[in-house]
Amino acid sequence: MTTSFELSQDHLELRDWIHQFAAEVVRPAAAEWDEREEFPWPVVEEAAKIGLYSVDFLVAQALDETGLGFPITMEELFWGDAGIGLAIMGSSLAAAGVRANGTDEQVAEWVPAMYGTPGDLRLGAFCSSEPDAGSDVGSMRTRAVYDEATDEWVLNGTKTWATNGGLADVHVVTAVVDPELRTRGQASFVVPPGTKGLSQGQKFHKHGIRASHTAEVVLDQVRVPGRCLLGGKEKLDARLARAREGGTARGNASMATFERTRPTVGAQAVGIARAAYEVALDYAKTREQFGKAIIENQGIAFQLADMATSIEAARLLVWHASWMGRQGKAFDNAEGSMSKLFAGETAVKVTGQAMQILGGNGFTREYPVERMARDAKIYTVFEGTSEIQRLVIARSISGAPIR
């Protein structure tokens with residue numbers, strides 16, 4: 001398929017539809033839910049009513065041959081607000097975990113269980129990071145032991161930084177099945193609703209994205225049926241055997257999920273950056289100092305020019321990586337990590353510049369750029385810090401193995 005980033009009529013209608021929802025529903029609610037630091041159930045319910053929070057919407061974007069459906073959606077929704085945007089899209093990371101590692105039957109069973117229906121919402125949570133194993137997935141301690149007598153897996157450990165953790169109905173958990181193989185000895189499991197032994201630990205009170213629920217997930221003798229091993233035991237046994245013999249283990253369960261989602265996370269950062277830039281641009285056109293609009297000063301105008309350029313460059317990196325992923329092309333130069341790195345860094349820089357342009361007003365909650373700047377910072381931290389992205393990129397372009 002030839003690369004083209006000219007949006008089709010369907011893409012334009014999708015963009016306008018999401019933008020309208022973001023402008024009319026998300027933005028008016030943003031400040032309230034940021035202050036409350038609670039999951040915005042009423043807003044997610046509205047998203048479900050229009051079909052935005054649904055399996056059908058997820059499938060439609062996944063089937064988009066250009067790969068642009070997801071980044072368009074993310075940019076417009078997070079232009080509205082990042083915290084609420086993550087509340088609406090948080091289940092998609094768990095869904096991506098099932099899709100990346102599971103069978104078609106597992107996808108059909110568990111992804112719908114993460115969404116529910118309007119009036120009966122459900123949530124999904126992807127649980128990978130641990131207190132002592134964030135970027136270093138090889139240090140993961142959560143164990144999964146197979147009980148052959150009952151055909152069950154027994155999970156024990158603690159996960160942290162889990163979006164929707166403990167609040168979700170379906171948890172996707174990565175765990176170690178063979179400690180000697182480190183990252184190659186890990187697998188992913190679905191923990192169904194109501195499973196005994198799974199509980200919410202500490203809920204985190206965060207600097208930004210405060211409408212998104214983030215918490216620890218504690219697994220204490222959690223027993224799940226054998227069918228909850230994503231990909232199935234036969235596939236796992238074959239992969240472990242190759243790893244023990246020194247062969248290629250075909251990736252890591254957590255990394256397979258992150259590789260699929262990094263461009264869409266980058267699109268979220270683009271949306272935040274664009275929102276802050278637009279506020280700063282409007283402010284610069286109307287704010288007068290010394291008898292003229294401050295945009296007439298080169299110091300302000302050049303900042304806005306740099307902001308606009310960086311946002312456009314970030315968007316193109318995200319779109320290109322999204323297109324590559326949909327076409328099944330390998331990220332030989334870590335294009336997925338490039339898009340997430342540049343977009344995340346751009347969001348932090350642009351929101352900071354927007355605050356500077358607004359001056360004292362930018363530091364108050366009367367204007368949204370203060371919240372946008374707090375929200376932006378997480379994009380240099382979660383789903384791989386900027387340093388980890390640079391490590392992945394460096395090893396990709398040098399040909400060194402990524403461990």
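Both backbone and side-chain heavy atoms feed into the values below; hydrogens, waters and symmetry mates do not.
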Residues Met355, Phe363; criterion side chain to side chain contact (heavy atoms under 4.5 Å, CB included); working and verdict: CA-CA 6 Å; Met355 287 183 68; Phe363 201 66; 3.7 Å; yes
Candidate pair Thr174 and Phe189, rule side chain to side chain contact (heavy atoms under 4.5 Å, CB included), full reasoning: CA-CA 6 Å; Thr174 54; Phe189 301 84; over 6 Å; no
Steps toward side chain to side chain contact (heavy atoms under 4.5 Å, CB included) verdict (Thr73, Leu14): CA-CA 7 Å; Thr73 296; Leu14 172 67; 3.8 Å; yes
Salt bridge (charged side-chain N to carboxylate O under 4.0 Å, His left out) between Arg274 and Glu76, intermediate numbers included: CA-CA 9 Å; Arg274 192 186 107 212; Glu76 296 305 323; 2.9 Å; yes
Side chain to side chain contact (heavy atoms under 4.5 Å, CB included) between Asp56 and Tyr115, worked out: CA-CA 10 Å; Asp56 289 344; Tyr115 287 85; over 6 Å; no
Chi angles and distances behind the salt bridge (charged side-chain N to carboxylate O under 4.0 Å, His left out) call for Asp81, Arg371: CA-CA 9 Å; Asp81 179 66; Arg371 184 180 68 251; 3.0 Å; yes
Derivation and outcome, salt bridge (charged side-chain N to carboxylate O under 4.0 Å, His left out), residues Asp34 and Arg365: CA-CA 11 Å; Asp34 178 71; Arg365 296 185 185 180; 5.5 Å; no
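Panel note: side chain Gln389, backbone Ala334; no donor-acceptor pair is recorded below 3.5 Å. Under a 3.5 Å cut-off, the side chain of Ser92 and the backbone N or O of Ala95 do not form any donor-acceptor pair.
Thr163 places none of its side-chain heavy atoms less than 4.5 Å from the side chain of Phe126. For the pair Asn297 and Phe302, the minimum side-chain heavy-atom distance is 4.5 Å or more. With contacts defined as side-chain heavy-atom distances shorter than 4.5 Å, the pair Asp282/Thr286 does not qualify. Within the 4.5 Å cutoff, side-chain heavy atoms of Leu358 are placed close to those of Val279. Between Pro192 and Trp110, some side-chain heavy-atom pair lies under the 4.5 Å cut-off. At least one side-chain heavy atom of Gln221 sits under 4.5 Å from a side-chain heavy atom of Val154. A 4.5 Å side-chain heavy-atom check between Val224 and Leu229 finds every atom pair outside the cut-off. With contacts defined as side-chain heavy-atom distances shorter than 4.5 Å, the pair Leu121/Glu45 qualifies.
In this view, Trp79 and Glu278 satisfy the side-chain hydrogen bond (donor to acceptor under 3.5 Å, both in side chains) rule, not counting sequence neighbours. Not counting sequence neighbours, Glu335 has no partner by the salt bridge (Lys or Arg N to Asp or Glu O under 4.0 Å) test. With sequence neighbours left out, Met338 forms a side chain to side chain contact (heavy atoms under 4.5 Å, CB included) with Asn333, Ile393. By the side-chain hydrogen bond (donor to acceptor under 3.5 Å, both in side chains) test, Glu38 pairs with Arg36, sequence neighbours left out. Shown here are the side-chain hydrogen bond (donor to acceptor under 3.5 Å, both in side chains) partners of Glu152, two or more places apart in sequence or in another chain: Thr150, Arg223. For the ring-ring contact (aromatic ring centres under 6.0 Å, His included) test, no residue two or more places apart in sequence or in another chain qualifies with Tyr277. Glu345 is linked by a salt bridge (Lys or Arg N to Asp or Glu O under 4.0 Å) to Arg390, counting only residues two or more places apart in sequence or in another chain. Not a single side-chain hydrogen bond (donor to acceptor under 3.5 Å, both in side chains) links Gln61 to another residue, sequence neighbours left out.
Taking the six-membered ring for Trp, Phe382 and Trp161 have ring centres at least 6.0 Å apart.
Heavy atoms from other residues, nucleotides or ligands lying under 6.0 Å from NZ of Lys203 number more than 12. Counting heavy-atom neighbours within 6.0 Å of Gln356 CD, excluding the residue itself, gives a total of 12 or less. More than 12 heavy atoms of other residues, nucleotides or ligands shown are found within 6.0 angstrom of CZ on Phe5.
Checked options Arg184, Arg244, Arg143; the residue passing with Asp178 is Arg244 (criterion: side chain to side chain donor-acceptor pair (under 3.5 Å)). For the side chain to side chain contact (heavy atoms under 4.5 Å, CB included) with Trp153, the qualifying choice from Val177, Val173, Val222 is Val177, the only one to do so. Of the residues listed (Val190, Leu93, Val172), the one engaging Met114 in a side chain to side chain contact (heavy atoms under 4.5 Å, CB included) is Val172, and it is the only one. When His19, Gln268, Met89 are each tested for a side chain to side chain contact (heavy atoms under 4.5 Å, CB included) with Leu77, only one passes: Met89.
Of all the heavy atoms in Ser188 and Asn101, the pair that sits closest is OG-ND2, 3.8 Å. Taking all atoms of both residues into account, the shortest heavy-atom contact from Val318 to Gly266 is CG2-C, 3.7 Å.
Among pairs with a residue in residues 351-364, none fulfils salt bridge (Lys or Arg N to Asp or Glu O under 4.0 Å), at least two apart in sequence or across chains. Listed by first and then second residue, the salt bridge (Lys or Arg N to Asp or Glu O under 4.0 Å) pairs involving residues 158-173 are Arg122-Asp169, Glu130-Lys159 (not counting sequence neighbours). Listed by first and then second residue, the salt bridge (Lys or Arg N to Asp or Glu O under 4.0 Å) pairs that reach into residues 309-326 are Glu75-Arg315, Glu312-Arg315, sequence neighbours excluded. Identified under the salt bridge (Lys or Arg N to Asp or Glu O under 4.0 Å) test for residues 284-305, with sequence neighbours left out: none.
Between the CD1 atom in Ile378 and the CD atom in Glu383 there is a gap of 10.0 Å [rounded to 0.5 Å]. With values rounded to the nearest 0.5 angstrom, Asp220 atom CG is found 7.5 Å from Ser199 atom OG. Thr385 contributes atom OG1, which lies 15.5 Å from atom OH of Tyr379 (distance to the nearest 0.5 angstrom). The SG atom of Cys127 sits 7.0 Å away from the CG atom of Leu198 when rounded to the nearest 0.5 Å. Atom CZ in Phe78 sits 9.0 Å away from atom OG1 in Thr264 (nearest 0.5 Å). Annotation: the span from Arg242 atom CZ to Asp237 atom CG amounts to 11.0 Å, rounded to 0.5 Å.
In this model, no donor atom of one side chain and acceptor atom of the other lie less than 3.5 Å apart for Thr195 and His171. With 3.5 Å as the limit, one finds no donor-acceptor pair spanning the side chains of Ser310 and Lys349.
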